[in-house]
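Labels below follow one simple rule: chain letters A, B, ... track the order of the sequence lines, proteins then strands, and each chain is numbered from 1.
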Number of protein chains: 2
Amino acid sequence: MKLDERHLVQLAAVVQTGSVTEGAALLGLAQPAVSRTLAMLEKRLGEPLFHKGRRPLEPTALGRALADHGQIMLSASRKASELVDDFRHGQAGVVRLGGVPFFMDALIAGMVAEFQQAHPGVRVDQSYGYLPDLSAALLADRIDIGVCPIDILDEGSGLTFQEILRAHNVIACGVSHPLLLKRRIIAADLIAYPWIAPPPGSPLLSDLHRILLWLGVGEIRVRYSGGSPLSVVNYMKATDALTVLPHSVVFALRKDKAITALPFDFPQPERKLGLLRLAEAPRAPAVEAFAAHVGKSFENLKHLIKRHEEAVVWGA
Amino acid sequence: MKLDERHLVQLAAVVQTGSVTEGAALLGLAQPAVSRTLAMLEKRLGEPLFHKGRRPLEPTALGRALADHGQIMLSASRKASELVDDFRHGQAGVVRLGGVPFFMDALIAGMVAEFQQAHPGVRVDQSYGYLPDLSAALLADRIDIGVCPIDILDEGSGLTFQEILRAHNVIACGVSHPLLLKRRIIAADLIAYPWIAPPPGSPLLSDLHRILLWLGVGEIRVRYSGGSPLSVVNYMKATDALTVLPHSVVFALRKDKAITALPFDFPQPERKLGLLRLAEAPRAPAVEAFAAHVGKSFENLKHLIKRHEEAVVWGA
DNA sequence: CGAGCTTCATAACGATATGGTATATAAACT
DNA sequence: AGTTTATATACCATATCGTTATGAAGCTCG
């Protein structure tokens with residue numbers, strides 16, 4: 001005999017509260033509705049659910065047993081409602097994040113931690129990739145947000161871009177690098193030291209090539225490549241190697257006093273760091289909230305970044 | 001946001017089977033009904049529950065999470081259905097049994113055990129009492145069945161009586177009692193031995209008084225009283241004490257070879273053993289089934305009891 | 001890559017169930 | 001007994017359900 005789930009929930013509420021009126025109130029229903037449900041249930045079952053004529057309403061064995069199952073449904077229903085509410089406030093769900101390694105590690109990871117203090121129910125799945133991977137992943141619905149620098153976004157790509165920061169690269173080095181002591185750095189100084197090559201496919205690699213072109217120098221000595229961001233930092237700490245990094249990364253790592261940037265200016269690419277997202281997708285609130293958080297965090301950092309830029313890069 | 005329990009169950013079925021069609025079949029619904037439910041849920045939530053345009057239907061994070069809760073409800077619902085079915089077949093529930101001690105212990109307890117082999121889900125709550133207690137308990141709905149001997153049932157008491165056995169008392173004694181060796185027992189023999197008094201208020205006590213009246217003897221020596229049935233049996237085993245017992249009790253205990261009955265005939269009360277029940281009560285199937293089982297068991301025993309009666313009491 | 005099959009979405013409609021308000025009835029309290 | 005509270009009933013409006021019919025979208029296989 002199949003029973004309507006809702007009926008069992010109503011029964012559970014009545015048994016729990018010990019009264020039809022209170023049970024109805026608990027569910028936000030009127031008393032007659034619940035009363036009728038019980039009457040109908042008893043009629044269908046052919047068995048009484050309550051001992052009649054006792055005011056402290058007393059369920060029969062069957063009534064109590066069925067109410068137990070109803071109670072399970074009731075609590076599942078309550079949890080489901082909470083889940084939906086949480087989800088709608090971005091308090092539950094998953095944010096699938098993809099991005100270029102240095103930004104993700106130096107800046108985004110910390111922001112994820114901050115974000116989750118306010119949204120503890122949200123899980124973040126992080127993955128790495130450069131623009132082509134990220135846009136493919138977005139279109140295939142493998143990630144919700146791509147964090148990457150971008151030159152120009154094609155119209156009709158189905159993606160939207162939310163700018164976060166103007167890209168600004170620097171020549172990074174360990175904090176005890178000899179060149180930091182020089183009054184004025186010239187191209188020849190730069191090629192005198194070993195270099196760390198940015199990962200193949202990364203914007204930083206093409207940026208590096210453009211810088212070398214601008215400097216008019218030929219080849220540099222690449223002594224290390226392929227390491228993840230933390231490897232690169234640790235390598236720089238221990239050597240006099242140089243590499244190209246986004247300034248914001250150096251900024252984010254300033255507290256560690258492990259790496260810094262050379263006070264050396266060069267033409268910057270017309271590029272912006274930002275969040276890449278699907279244009280026409282239903283956006284989960286958690287994703288919205290995360291994007292908003294990242295945007296706000298960068299907004300708050302903007303003047304600090306600017307000050308650091310001036311202090312470090314131009315030695316102000 | 002409150003969600004209809006049934007909708008979540010449908011969602012769970014779809015997620016579980018991986019298809020709207022199969023999910024609908026699982027619940028015995030038509031595919032469009034479920035399809036519409038899902039569409040309505042998504043509209044209400046403002047969030048998709050499934051990633052569109054993938055054939056192995058893939059739920060979103062929210063869809064999966066809600067389906068989990070729905071799954072809980074679904075299984076609770078299934079269990080509730082089973083419970084009801086069991087209950088209707090007398091396979092679940094409680095039988096609250098009250099009765100006079102000797103019958104309950106010697107005969108009914110064994111029948112409860114038999115009954116539960118076929119109805120393992122039924123619990124039996126046993127209590128003791130004599131007719132006044134039992135009818136009060138029945139009317140107050142503290143028990144479902146009273147097992148007791150009864151002379152005449154008042155009309156209008158609201159109770160019904162189902163006869164099981166004609167009452168037949170015997171003088172019980174240990175199997176090695178000296179009187180068993182005598183050819184013919186007379187009144188003087190009976191008062192020569194110590195007696196066990198039946199419990200105050202019991203029919204057996206008034207039966208005993210009537211027997212003494214009939215015998216024309218005055219007082220007997222009461223040496224023991226107040227014991228439960230097992231005490232009485234053990235006492236008789238170890239002494240030459242006599243007492244009045246229903247023959248059926250002696251019959252039920254015949255296998256133990258501890259007690260038996262004296263071949264001594266006396267007038268029997270016009271009384272029947274049977275099941276006392278509320279006349280106008282909705283009867284739980286388990287109670288019905290138990291009453292039927294007891295009736296059948298006694299029916300099966302009837303000829304054995306008769307044979308035993310003839311063999312023991314009249315020494316046939 | 002297109003034909004064919006399966007599965008899902010939508011529409012329309014009748015039947016039913018549900019929930020509300022108003023009210024009658026029954027139980028409990030004092 | 002009278003008052004108060006709780007439960008049952010009556011009736012109406014509406015949401016939902018389940019059905020059939022039909023169109024659209026994916027998957028499969030040659």
Under 3.5 Å, which protein N or O atoms sit close to an N or O of nucleotides 22-24 of chain C? Give each pair with its distance.
none

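In summary, A/Glu288 and A/Arg277 engage in a salt bridge, as defined by a charged side-chain N under 4.0 Å from a carboxylate O. A salt bridge is defined here as a Lys NZ or Arg NE, NH1 or NH2 lying under 4.0 Å from an Asp or Glu carboxylate O, and B/Arg88 with B/Asp86 fails to meet this definition. For the pair B/Asp151 and B/Arg271, the salt-bridge criterion is met [side-chain N within less than 4.0 Å of a carboxylate O]. The residues B/Arg96 and B/Asp125 are annotated as not salt-bridged, no charged nitrogen and carboxylate oxygen being separated by less than 4.0 angstrom.
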B/Gln31 and B/Thr21: CA distance, side-chain angles, deciding distance, side chain to side chain donor-acceptor pair (under 3.5 Å) verdict: CA-CA 5 Å; B/Gln31 169 265 322; B/Thr21 307; 5.5 Å; no

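Summary for the helix from C/dC1-D/dG30 to C/dT30-D/dA1: the axes at its two ends, each from 5 pairs, differ by 50° when rounded to the nearest 10 degrees.
The CE-C1' distance, from B/Met40 to C/dT10, rounds to 15 Å in whole Å. Rounding to whole angstrom units, CD of residue B/Glu58 and P of C/dC8 are separated by 14 Å. As rounded to whole Å, 15 Å separates atom P of D/dT16 from atom CG of B/Leu38. Atom NZ in A/Lys2 sits roughly 12 Å away from atom C1' in D/dG18 (whole-Å rounding). We find that CZ of B/Phe50 is positioned 16 Å from P of C/dT7, with the value rounded to whole Å. When the C1' atom of D/dT16 is taken as reference, atom CG of B/Leu41 falls 13 Å away, rounded to whole Å. Remark: P of C/dA17 and CG of A/Leu29 are 17 Å apart, rounded to the nearest angstrom. Look at CD on B/Glu42: it is 13 Å from P on C/dC8, rounded to the nearest Å.
A sub-4.0 Å separation between OP1 or OP2 of C/dT10 and a side-chain N or O of B/Ser35 is absent. Taking 4.0 angstrom as the limit, A/Thr21 places none of its side-chain polar atoms (N or O) nearer than this to OP1 or OP2 of D/dT5. Between B/Arg36 and the phosphate of C/dA12, there is no side-chain N or O to OP1/OP2 separation shorter than 4.0 Å. For A/Ser19, a side-chain nitrogen or oxygen approaches OP1 or OP2 of D/dT7 to under 4.0 Å. For A/His7, no side-chain nitrogen or oxygen approaches OP1 or OP2 of C/dA17 to under 4.0 Å. The phosphate of C/dG19 (OP1 or OP2) has a side-chain N or O of A/Arg6 nearer than 4.0 angstrom.
Annotation for B/Leu159 and B/Leu278: closest pair CD2-CD1, 3.5 Å, computed over non-hydrogen atoms. Residues B/Gly98 and B/Leu134 share a closest heavy-atom pair of C-CD2, 3.6 Å.
Here A/Gly28 lies in heavy-atom contact (under 4.0 Å) with sugar-phosphate atoms only.
Below 30°, between 30° and 60°, or above 60°: for A/Phe115 and A/Phe290 the angle between ring planes is above 60°, a perpendicular geometry.
Remark: B/Ala137 engages B/Arg142, B/Ile143 in a side-chain contact (heavy atoms from CB on, under 4.5 Å) (not counting sequence neighbours).
Residues B/Phe102 and B/Leu107 are not in side-chain contact: their nearest non-hydrogen atoms beyond the backbone lie 4.5 Å or more apart.
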